[in-house]
Amino acid sequence: MAKSLLSQLKQMTTVVADTGDLDAIRRFRPHDATTNPSLILQAAQQEDRRERLARIAGESRDLDEALDRVAVDIGSEISALIPGYVSTEVSARLSFDRKATVARAHSLIERYRQAGVDPERILIKIASTWEGIQAATQLEREGIQTNLTLLFGFTQAKACADAGATLISPFVGRILDWHKARNPEADFSGQRDPGVISVKQIHDHFKANGYSTVVMGASFRNTDEIQALAGCDRLTISPKLLGELEEQTGTLARQLSATGAGTSTEDAASLDEATFRWQMNEDAMADEKLAEGIRKFMADQRRLETLLGELGHKG
């Protein structure tokens, strides 16, 4: 019997489910799972969660506490279904506040501990702003593991590795979106995909320079992008694309490996704040997509806040 692309991918890459859908996690049996404000909103809107959400909203002192309790509640359920990490995001509202990000990370970790989930299984997701990266530096020193997300360019990736982040989530599909919007007639298929090219550049630089930070490709638009990154440390994939990979057969060739990374031509020197901000300013795609990503996550967080406010009022 021919092996599915998903089963072959699992042999060379740690597969992560990008969802809060428990049924999907049970079906695809990923090693890890990632969530974000948009995915938490989707999970929170499921009918079988309404009663629990109403209780959480009613018992919470404010919306910030309710949001964290909901995220940990869903994350705790996910943790019981997988052997690896659960990524839980701090509020997008704190993307430019280092101290507040650190404080919320401590709160989330403590809530997981109280829920009986080992903090070592939690990755605190933080937007890859300068302030977010500095928060990650402090948290990692304290033993709290981080996942730096909304990452669109090499400058962000380099700063995250210098910070000692446990894992980064470079986005693939949103990079492709930006380039397609500006060059709709261009051929971005296969290895020409700018998101794929970006992740490969980051992966090769990290391996060539001995960084321990895990590279986890994220935000995929199609299975071709996933296949083009087979062999990456981790890939976080939506249920829809996991289903397509499960249905597809054929030979999946490894595209990335630690030993095959070779040497990197990128500068290995650490970035200071001024250099980071200048390089981000020079990279229009990364700068624009980071800002847009924060706005989109915040929009879904506000929807969740509205939902919790309504449920708490009814309670």
Side-chain angles (χ1 to χ4, degrees), residues 4-40 42-43 71-90 105 108-109 111-113 115-128 136 139-140 143-151 157 160-161 164-173 199 202-203 206 211-220 223 225-226 229-243 245-246 256 258:
S4 71
L5 294 185
L6 181 58
S7 65
Q8 294 176 67
L9 182 64
K10 287 182 176 180
Q11 296 301 309
M12 61 186 82
T13 290
T14 298
V15 171
V16 181
D18 196 19
T19 184
D21 185 335
L22 300 182
D23 289 336
I25 291 171
R26 291 187 186 97
R27 174 184 171 187
F28 297 112
R29 295 178 295 171
H31 189 272
D32 302 343
T34 58
T35 62
N36 60 44
S38 303
L39 297 176
I40 292 293
Q42 292 173 19
V72 170
D73 187 62
I74 293 172
S76 296
E77 287 190 81
I78 293 172
S79 73
L81 300 176
I82 61 172
Y85 293 126
V86 176
S87 288
T88 298
E89 195 148 351
V90 299
L108 287 167
I109 288 295
R111 290 187 187 282
Y112 271 114
R113 184 179 285 109
V117 180
D118 186 345
E120 291 190 0
R121 294 190 56 207
I122 304 303
L123 295 179
I124 297 297
K125 284 183 77 174
I126 304 170
S128 299
L139 292 168
E140 291 284 353
I144 295 175
Q145 300 172 109
T146 59
N147 171 353
L148 275 295
T149 188
L150 292 176
L151 194 152
C160 291
T166 297
L167 181 149
I168 60 169
S169 296
F171 281 30
V172 178
V199 174
I202 292 166
H203 173 274
F206 280 21
Y211 287 115
S212 61
T213 298
V214 173
V215 179
M216 181 174 73
S219 170
F220 294 106
T223 58
E225 291 179 325
I226 296 167
L229 292 173
C232 191
D233 297 333
R234 277 169 164 78
L235 298 175
T236 183
I237 307 169
S238 69
K240 177 181 179 294
L241 294 180
L242 285 171
L245 289 168
E246 188 176 58
L256 298 177

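For clarity, every value in this text was computed on a predicted model and none was experimentally measured.
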In this structure, CD1 of I144 is separated from CD of E120 (nearest 0.5 Å) by 11.5 Å
| task | Compare all side-chain heavy atoms of I237 with those of L9 and state whether any distance is below 4.5 angstrom. | result | yes
dist I40:CD1 -> T19:OG1 (nearest 0.5 Å) comes out at 9.5 Å
| Pair Y112, S79: side-chain N/O donor-acceptor within cut-off below 3.5 Å | no
For I78 and G20, the nearest pair of non-hydrogen atoms, with its separation, is CD1-CA, 4.1 Å
Heavy atoms of L39 and N36 approach each other most closely as N-OD1, 2.8 Å
Keeping E140 on the side-chain end and T166 on the backbone end, is there a donor-acceptor pair under 3.5 Å?
yes
Taking R121 for the side chain and Y85 for the main chain, is one N or O donor matched with an acceptor at less than 3.5 Å?
-> no
For A157 and I168 the tightest heavy-atom approach is CB-CD1, 4.0 Å
Q. Would you say P170 and L151 make side-chain contact, with heavy atoms under 4.5 Å?
A. yes
Practice problem: Count the heavy atoms belonging to other residues, nucleotides or ligands that lie under 6.0 Å from CZ of R27, then report whether that count exceeds 12. | Solution: yes
dist F28:CZ -> D21:CG (nearest 0.5 Å) comes out at 9.0 Å
Verify side chain to side chain donor-acceptor pair (under 3.5 Å) between D18 and T34, making sure each step is shown before the conclusion.
CA-CA 5 Å; D18 196 19; T34 58; 2.7 Å; yes
Between A105 and I124, the two heavy atoms sitting closest are CB-CG2, 3.9 Å
*Does any non-hydrogen side-chain atom of L167 lie less than 4.5 Å from one of S169?*
yes
Is there a donor-acceptor contact under 3.5 Å from the side chain of T35 to the main chain of S87?
yes
Measure from the side-chain N and O atoms of T13 to the backbone N and O of A230, and report whether any donor-acceptor pair falls under 3.5 Å. no
>> Do L5 and I226 make a side-chain contact, defined as non-hydrogen atoms from C-beta onward lying under 4.5 Å apart?
In response: no
- Apply side chain to side chain contact (heavy atoms under 4.5 Å, CB included) to L139 and I109, showing your working. CA-CA 11 Å; L139 292 168; I109 288 295; over 6 Å; no
All heavy atoms of T88 vs all of A71, minimum pair found to be CG2-CB, 3.9 Å
side-chain contact (heavy atoms from CB on, under 4.5 Å) test vs D32 passes for just one of L123, V16, V15, namely V16
Interatomic distance, OG1@T236 vs CG@N147, rounded to 0.5 Å, equals 8.5 Å
*Does the side chain of H31 come within less than 4.5 Å of P83's, by heavy atoms?*
yes
Between T213 and F206 the two heavy atoms that sit nearest each other are O-CD2, 3.6 Å
Using side chain to side chain contact (heavy atoms under 4.5 Å, CB included), reason through F220 and L235 one step at a time and then give a plain yes or no. CA-CA 9 Å; F220 294 106; L235 298 175; 3.7 Å; yes
Rounding to 0.5 Å, atoms OG1 (T146) and NZ (K125) come to a distance of 12.0 Å
CG (L242) and CZ (R29) are apart, to the nearest 0.5 Å, by 12.0 Å
